[in-house]
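In each ligand, atom 1 is the first atom listed, and ligand 1 is the first ligand listed. Hydrogens, waters and symmetry mates play no part in the numbers below; they use all other heavy atoms, side chains included. We're numbering straight along the sequence, starting at 1. The shown structure was predicted, so the numbers you read here are calculated from the model rather than taken from an experiment.
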Amino acid sequence: MRVVKTIKQLRRAVKAIRLKGGKIGFVPTMGYFHAGHLSLMAKAKRECGACVVSIYVNPKQFAPHEDLGRYPRDLRRDSTLAEKENVDILFIPSDNVVYPKSFLTYIDVEKISRTLCGQYRPGHFRGVATVVAKLLNMATPDVMYLGQKDAQQAAVLKTMAADLDFPLTVRVMPTVREKDGLAMSSRNVYLTARERAQAPVLYRSLNLARARIQKGERSAAGIIRFIRKNIARHTEGKIQYVACVDADTLGPLKILKGRVLIALSVFFGSTRLIDNVIIPVKKPREVQN
Ligand code: AMP
């Protein structure tokens, strides 16, 4: 595995793979790897032959009151884990490589950046889209691999790639979970033992909601009320939002139909956890048959 820090080194290493006729799969991350990250690397390696991973904690996607300063970091451990996944290139740029002093250009994916998490984190997806556009131009991959855990991020980046004609495919892979259902996240290390014990209720609530929908429930408000009640009853978490939206457009739904994304964000202390499920909803008649 080559560990590179500058754009020039990255381009040279990518070119060497291309000269051998290899395809490149790219996994952008903020590091502090867990099995979710590693699943994306394994998939990229399997499907493309070569895998480029970036680790960059992007300051432009954190608001001033958010956890940029204390975001967990362990480059040595990350590097060992990436090597085990047979990653070809690990790109670890510093802030001045990504954002030189002259930097002025931002990407704003309108509308779908404003709903769900975007309502509460203004500017977050602008930061994400900007840095990922830059990383894509640096790494020039054939395929970019993203996790379903960050459903809105995946939708924003898919839209950006399509709208700006990035010559690549975006693949969104399933959420990897702990045994008790908690979605893996670098931020889970912030949880106290008590919060950690309560956190699996989020996924449990989403699954209970899925069961209700499968039994015929079609009211978004009903499902949202049910999930909110369940989280309030079994945890001390503070709900930021629970929403039912169209999985592709992220547009709001009153009646559940098509591919429904149920997404939520809950604070456990100062730790913000997100989770979601996508549920294909058939028309009521098809359910009865
Ligand atoms: P991050 O380092 O949190 O920015 O995440 C890097 C990539 O890993 C993003 O595409 C995430 O959606 C993805 N990811 C994070 N957690 C998980 C998970 N539990 N399962 C699958 N993918 C994940």
Side-chain angles (χ1 to χ4, degrees), residues 25-47 51-62 66-68 70-75 77-79 81-82 85 87 90-93 98 109 116-118 121 124-136 139 141 143-161 166 168-191 196 199-200 202-203 206 247 250 261 263-265 271-278:
F26 177 51
V27 182
T29 81
M30 299 204 297
Y32 211 70
F33 294 155
H34 51 65
H37 296 113
L38 303 183
S39 74
L40 300 181
M41 296 175 206
K43 192 78 179 173
K45 189 73 191 169
R46 208 158 48 239
E47 289 188 347
C51 174
V52 177
V53 175
S54 64
I55 299 179
Y56 182 59
V57 183
N58 173 35
K60 295 203 188 284
Q61 69 191 65
F62 288 79
E66 290 180 345
D67 57 345
L68 172 64
R70 65 170 190 139
Y71 195 83
R73 293 166 167 89
D74 190 343
L75 286 181
R77 179 173 164 274
D78 284 354
S79 175
L81 290 172
E85 292 300 329
V87 166
L90 183 60
F91 178 45
I92 314 180
V98 181
V109 182
L116 307 178
C117 296
R121 304 185 74 188
H124 170 70
F125 290 110
R126 179 180 187 254
V128 170
T130 301
V131 81
V132 171
K134 284 176 66 70
L135 292 167
L136 289 173
V143 187
M144 171 164 67
Y145 293 85
L146 303 171
Q148 179 58 40
K149 196 211 131 212
D150 299 276
Q152 189 174 14
Q153 171 171 281
V156 166
L157 293 177
K158 263 187 167 176
T159 304
M160 177 193 78
F166 277 89
L168 57 86
T169 308
V170 179
R171 298 262 283 135
V172 183
M173 308 314 299
T175 302
V176 176
R177 299 178 179 281
E178 302 286 357
K179 278 207 184 82
D180 59 11
L182 176 63
M184 289 197 181
S185 164
S186 306
R187 289 187 167 104
N188 290 349
V189 294
Y190 298 152
L191 298 170
R196 176 64 188 80
L202 304 188
Y203 186 50
L206 290 169
L250 306 190
L261 172 72
L264 53 79
S265 159
T271 307
R272 185 175 173 277
L273 298 184
I274 57 170
D275 203 349
N276 68 80
V277 290
I278 292 181

Given 3.5 Å as the limit, does a donor-acceptor pair link the side chain of Q152 with the main chain of C117, or not?
yes
Between the side chain of K134 and the main-chain N/O of V98, is any donor-acceptor distance below 3.5 Å?
yes
Would F91 and L135 satisfy side-chain contact (heavy atoms from CB on, under 4.5 Å), going step by step from the backbone distance to the final call?
CA-CA 10 Å; F91 178 45; L135 292 167; 3.9 Å; yes
Return yes or no for this condition: an N or O of D150 is under 3.5 Å from an N or O of ligand 1.
yes
Is the number of heavy atoms from other residues, nucleotides or ligands under 6.0 Å of K158 NZ greater than 12?
no
What atoms of ligand 1 come within less than 4.0 Å of a heavy atom belonging to M184?
16 (N), 17 (C), 18 (C), 19 (N)
side-chain contact (heavy atoms from CB on, under 4.5 Å) partner of L264, the single match among L273, N276, L206:
L206
What protein heavy atom is closest to atom 17 (C) of ligand 1, reported as residue, atom name and distance in Å?
H34 CE1, 3.6 Å
Within the distance-only criterion (no hydrogens, no angle test), does the side chain of N188 pair as donor or acceptor with the backbone N or O of A183 below 3.5 angstrom?
yes
What I want to know is whether M173 and ligand 1 share at least one N or O pair that is separated by under 3.5 angstrom.
no
Can you tell me which residue and heavy atom of the protein come closest to atom 9 (C) of ligand 1, and the distance to 0.1 Å?
Q153 NE2, 3.8 Å
Enumerate, atom names and distances included, each donor-acceptor pair closer than 3.5 Å involving a side-chain atom of residues 38-45, sequence neighbours excluded.
unit_1: S39; atom_1: OG; unit_2: G36; atom_2: O; d: 2.7
unit_1: K45; atom_1: NZ; unit_2: G49; atom_2: O; d: 3.0
unit_1: K45; atom_1: NZ; unit_2: N86; atom_2: O; d: 3.2
unit_1: K45; atom_1: NZ; unit_2: D88; atom_2: OD1; d: 2.8
unit_1: K45; atom_1: NZ; unit_2: D88; atom_2: OD2; d: 3.4

Without swapping roles, check the side chain of Y32 against the backbone of Y71 for a donor-acceptor pair under 3.5 Å.
no
Distance-only N or O hit between ligand 1 and M30, under 3.5 Å:
yes
Begin from the C-alpha positions of Q148 and L261 and carry the test side-chain contact (heavy atoms from CB on, under 4.5 Å) through to its verdict.
CA-CA 11 Å; Q148 179 58 40; L261 172 72; 4.1 Å; yes
Atom 5 (O) of ligand 1 sits nearest the protein heavy atom H37 NE2, 3.5 Å
D180/Y203 under side-chain contact (heavy atoms from CB on, under 4.5 Å): CA gap, chis, key distance, verdict
CA-CA 9 Å; D180 59 11; Y203 186 50; over 6 Å; no
Indicate, as side chain, backbone, both or neither, the part of S39 found under 4.0 angstrom from ligand 1 when only non-hydrogen atoms are considered.
neither
Short question: side chain of D74, backbone of R77 - any donor-acceptor pair under 3.5 Å?
yes
Taking N or O atoms only and a 3.5 Å limit, does T175 qualify as a polar contact for ligand 1?
no
Within 4.0 Å of some non-hydrogen atom of P28, the atoms of ligand 1 are 6 (C), 7 (C)
For atom 10 (O) of ligand 1, what is the closest protein heavy atom, and at what distance to 0.1 Å?
G147 N, 3.0 Å
Taking distance alone, with no angle check, do V176 and ligand 1 share an N/O pair under 3.5 Å?
yes
Less than 4.0 Å is my threshold; does some heavy atom of A35 fall inside it relative to ligand 1?
no
Where ligand 1 meets T29 - atom numbers and elements under 4.0 angstrom, heavy-atom basis
2 (O), 6 (C)
Enumerate the atoms of ligand 1 whose separation from the nearest heavy atom of L146 is less than 4.0 angstrom.
10 (O)
Atoms in ligand 1 flagged as close to G36, the criterion being non-hydrogen separation under 4.0 Å
18 (C), 20 (N), 21 (C), 22 (N)
Nearest to atom 8 (O) of ligand 1, what protein heavy atom do you find, and at what distance?
L40 CD1, 3.4 Å
